[in-house]
Amino acid sequence: MKDIYGLIVVMAMVAVLCSCHSTEANYKESYDKAVAASRTGEKGEQYRHDLELRKKSNYVVDGDSIRLLRHHFNVVDDTPDVIKKYNVVVAEFKQQFNAVSYRDRLRGEGHASYVVYISAKKLYCVVAEGYDDISPAATFANDPDKYMKLKVLVPRAWVLMRI
């Protein structure tokens, strides 16, 4: 009789453990719903406005217009001597782990990539390449797909100038 009760308890525990778990598909579906909700109504207008600002050019180099921002920033997980004056940003993240992971993938492609942290924006930016002159930085920023295989994770690649 004890064996039957023991067997029932074990089977009940197995059933509970197998039936109560989330899947990646569940998380993705919830995330997609949250993103869709944040892009409607008043929040949607703010999102579209921010997106337009992030795509807007504000500087002209060699007849081409680029987005150039000037900020103070710190390098993450590297020595400060890797930083150049003009840095082509191809990804932005709120979490350091994601930025470092993307940087490592860029380094695997052969880029001298590094991560910088802009404390004013609380943002980790992944720099694909850094240059001492603005002209090659502008060339890279205008057509990053020509120089790298990974997808650019910003609406438009831009140049970060160190001040």
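One-based numbering along the sequence shown.
- Linking ILVMFWY side-chain heavy atoms closer than 4.5 Å, directly or via other members, places Leu123 and Val89 in two distinct hydrophobic clusters.
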Next item on the list: Give the C-alpha distance, both sets of side-chain angles, the deciding distance and a yes or no for side-chain contact (heavy atoms from CB on, under 4.5 Å) between Arg103 and Val90.
Entry: CA-CA 10 Å; Arg103 176 207 62 193; Val90 294; over 6 Å; no
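- The closest donor-acceptor contact from the side chain of Glu129 to the backbone of Ala112 lies under 3.5 Å.
- Enclosure of atom NZ in Lys121 by more than 12 non-hydrogen atoms of other residues, nucleotides or ligands within 6.0 angstrom is indicated.
- Tyr131 OH to Lys84 NZ: the interatomic distance, rounded to the nearest 0.5 Å, is 10.5 Å.
- Under the rule for a side chain to side chain contact (heavy atoms under 4.5 Å, CB included), the partners of Tyr59 that lie at least two apart in sequence or sit in another chain are Val61, Ile66, Leu68, Arg70, Ile134.
- Applying the ring pair (Phe, Tyr, Trp, His ring centres under 6.0 Å) rule to pairs touching residues 61-93 yields nothing, sequence neighbours excluded.
- Taken from NZ in Lys94 to NZ in Lys122, the straight-line distance is 9.0 Å, to the nearest 0.5 Å.
- A salt bridge links Arg107 to Asp78: at least one charged side-chain nitrogen sits closer than 4.0 Å to a carboxylate oxygen.
- Here Met148 contributes atom CE and His111 contributes atom NE2; the two are 6.0 Å apart, rounded to the nearest 0.5 Å.
- With respect to the salt-bridge test (charged N to carboxylate O, under 4.0 angstrom), the residues Lys55 and Glu52 do not qualify.
- Judged as a ring pair (Phe, Tyr, Trp, His ring centres under 6.0 Å), the pairs with a partner in residues 140-163 (not counting sequence neighbours) are, in order, Phe140-Tyr147.
- Listed by chain and residue number, Asn87 satisfy the side chain to side chain donor-acceptor pair (under 3.5 Å) test with Tyr114 (two or more places apart in sequence, or in another chain).
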Notebook entry, point to check: Going through the checks in order, is the side chain to side chain donor-acceptor pair (under 3.5 Å) test met by Asp133 and Ser135?
Noted result: CA-CA 6 Å; Asp133 185 30; Ser135 186; 4.8 Å; no
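- Using a 4.5 Å cut-off between side-chain heavy atoms of Ile, Leu, Val, Met, Phe, Trp and Tyr, Met13 falls into a hydrophobic cluster with Val9.
- For Ser113 (side chain) and Val127 (main-chain N/O), a donor-acceptor pair under 3.5 Å exists by modelled atom type.
- Annotation: salt bridge (charged side-chain N to carboxylate O under 4.0 Å, His left out) contacts of Lys33 (sequence neighbours excluded): Glu29.
- Between Pro144 and Val152, the closest heavy-atom pair is CG-CG2, 3.6 Å.
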Next item on the list: Kindly determine whether Ile118 and Leu160 satisfy side-chain contact (heavy atoms from CB on, under 4.5 Å), including the steps that lead there.
Entry: CA-CA 10 Å; Ile118 303 174; Leu160 175 63; 4.1 Å; yes
